[in-house]
Amino acid sequence: MELVEESPYRFRIDPLGEMRVPGVVFAARSLLPDVRADRSLDQVANVATLRGIVEASYAMPDVHLGYGFPIGGVAATDVEAGGVVSPGGVGFDISCGVRLLVADLDRAALAPMLDRLMDGLDAAIPRGMTKGAVWKLSGRAQLDELLVGGSRYAVEQGHGVERDLARCEDYGAVSDADPGQVSDRAVQRGQGQVGSLGSGNHFLEVQAVDHIYDEAAADAFGLRAGQVCVMIHSGSRGMGHQICTDQLRVMERVMPRYDISVPDRQLACAPVSSPEGRAYLGAMAAAANYARANRQMLGQAARRVFERVTHRQLDLVYDISHNLAKIETHRVDGAERRLCVHRKGATRALPPGHPDLPADLAAAGQPVLIPGSMGTPSYVLTGVEGAPAFASTCHGAGRVRSRKQAAKAVHGRDLRHQLEAHDILVRGASWRGLAEEAPDAYKDISAVVESAEGGGLCRQVARLVPVGVVKG
DNA sequence: ATGTAC
């Protein structure tokens with residue numbers, strides 16, 4: 001594996017063997033994975049062999065090993081040219097993403113109430129392995145409505161306000177969800193989890209705006225220095241996981257029928273326009289809407305606690321996914337093409353003026369929400385005109401040490417003391433879970449974001465720092 | 001990420 005430096009934040013893997021296009025990695029040299037110890041760039045090369053792939057197999061600065069595709073990967077296939085869709089290009093946590101809310105309240109004014117706020121959130125946010133969810137659904141019929149309607153359905157049922165939907169990617173729901181493709185087992189797993197955080201790197205954080213890079217965009221997003229925010233990072237829980245598992249099994253079976261062979265079994269795929277490809281996209285969309293409704297409900301729970309303790313409202317800045325495939329039109333080799341754009345651990349970053357943006361965000365561009373690892377900053381970015389990689393950017397810090405290694409290096413109790421020494425309050429679900437998420441198990445988020453901007457993928461708008469964390 | 005194993 002050889003990396004050719006094209007510019008300080010852009011490296012190329014030239015096509016070899018079955019690769020149809022090059023690999024392109026957007027990262028400073030210091031963030032590049034070690035090609036001897038880490039297989040994630042082999043995964044970038046493997047993705048480049050997929051039928052119908054156009055331009056390049058892209059990797060964001062937070063790239064790391066995933067199932068088949070790397071996390072931090074972007075790949076687009078040409079639908080009309082027999083291009084494939086692959087569940088591994090989306091990941092198990094379908095439409096995992098981030099929701100950011102802001103309060104008209106400064107960090108200093110919150111300080112005397114912070115402990116009570118964190119206790120309230122601790123009690124109100126279901127998380128970890130324990131059962132519990134904000135919203136108990138009445139049965140499959142209601143779940144099916146949620147799988148089609150996403151956040152819009154939650155708001156229609158009284159869980160939120162109409163303005164929330166204008167501040168959700170896709171206005172709260174992706175189209176073409178097909179609940180008929182969702183197995184009974186997926187329904188069973190998802191039924192009791194709407195409005196629950198999960199575990200791993202998922203969190204709810206109380207944060208403060210620490211630095212503004214772009215005043216005009218920050219103003220459009222409703223962000224100012226010193227202001228208190230709530231960030232929620234969660235996904236589609238057991239529902240998305242089961243849907244991914246089910247659909248992978250189908251694709252593994254039908255690949256020979258379409259004469260598809262892949263260098264790694266985890267790259268199972270089918271043509272976008274085949275029955276199996278369409279079935280996956282319908283099921284994936286259902287899981288995506290589940291994830292959005294999940295974050296809507298978590299946001300509602302946070303709002304109730306926040307209002308009770310501080311007597312202030314939380315307004316939605318934005319809700320955005322970083323694990324999704326979408327059919328989009330892009331110009332490739334001078335012609336408009338319908339592409340299936342896989343983003344796995346990668347975030348869509350619409351530039352200013354994009355027609356999919358609501359009017360009040362048109363001048364600034366789309367808010368892109370980048371969650372940091374525990375105890376480290378998070379970022380708000382925005383899209384830029386003429387960006388490469390189908391208007392995509394990074395999604396977070398990216399793990400560099402395994403959960404096991406992380407848990408061995410530090411005890412959760414010590415980590416909590418370290419965070420509290422930095423005035424960050426911690427409400428965890430388990431000591432082990434806390435230790436697995438130690439910040440030094442992740443890349444430096446600030447370096448990741450700098451690389452993304454340096455590579456021309458996005459622009460920095462604001463930096464947020466944690467003041468209290470609720471961990472799954 | 002995940003009822004951390006079909």
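None of the values given here were measured: they were computed from a predicted structure. Reminder, nothing fancy here: chain letters follow the sequence lines and each chain counts from 1. FYI, side chains are in, hydrogens and waters are out, and symmetry mates aren't considered; it's all heavy atoms of this structure.
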S.K.: If a pair satisfies side chain to side chain donor-acceptor pair (under 3.5 Å) and one of its residues is in residues 20-36 of chain A, list it, with sequence neighbours excluded.
M.R.: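 Found A:E5-A:R29.
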S.K.: Just to be sure I understand the rule, does A:G200 reach a base, reach only the sugar-phosphate, or reach nothing, if contact means heavy atoms closer than 4.0 Å?
M.R.: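 Counting heavy atoms under 4.0 Å across all strands, the contact made by A:G200 is with sugar-phosphate only.
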S.K.: Dump the pairs, protein N or O against N or O of nucleotides 3-6 of chain B, anything under 3.5 Å, distances to one decimal.
M.R.:
residue	atom	partner	partner atom	Å
B:dG3	OP1	A:R189	NH2	2.1
B:dG3	OP2	A:Q193	NE2	3.1
B:dG3	N2	A:R189	NH1	2.6
B:dG3	N2	A:R189	NH2	3.3

S.K.: A:N323 CG to B:dT2 P: how many Å, rounded?
M.R.: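 Answer to the nearest Å: 11 Å.
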S.K.: In Å, rounded to the nearest 0.5 Å, how long is the span from CG of A:L324 to CE of A:M284?
M.R.: 4.5 Å
S.K.: Do A:E420 and A:H422 have a side chain donor and acceptor closer than 3.5 Å?
M.R.: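 Looking only at side-chain atoms, A:H422 and A:E420 do not form any donor-acceptor pair under 3.5 Å.
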S.K.: Does A:Y67 have its ring centroid less than 6.0 Å away from the ring centroid of A:F92?
M.R.: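 Yes, they do, as the ring centres are separated by less than 6.0 Å.
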S.K.: Rounded to whole Å, how long is the line connecting atom CD of A:E436 with atom P of B:dT2?
M.R.: 12 Å
S.K.: Taking the six-membered ring where the residue is Trp, are the ring centres of A:H322 and A:H233 under 6.0 Å apart?
M.R.: yes
S.K.: Given atom CZ of A:F92 and atom P of B:dT2, what is their separation to the nearest angstrom?
M.R.: 12 Å
S.K.: Could you check whether A:G240 gets within reach of a base, just the sugar-phosphate, or nothing at all, counting any heavy atom under 4.0 Å?
M.R.: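 No contact.
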S.K.: What is the minimum heavy-atom distance between A:L65 and A:S40, and which atoms define it?
M.R.: N-CB, 3.6 Å
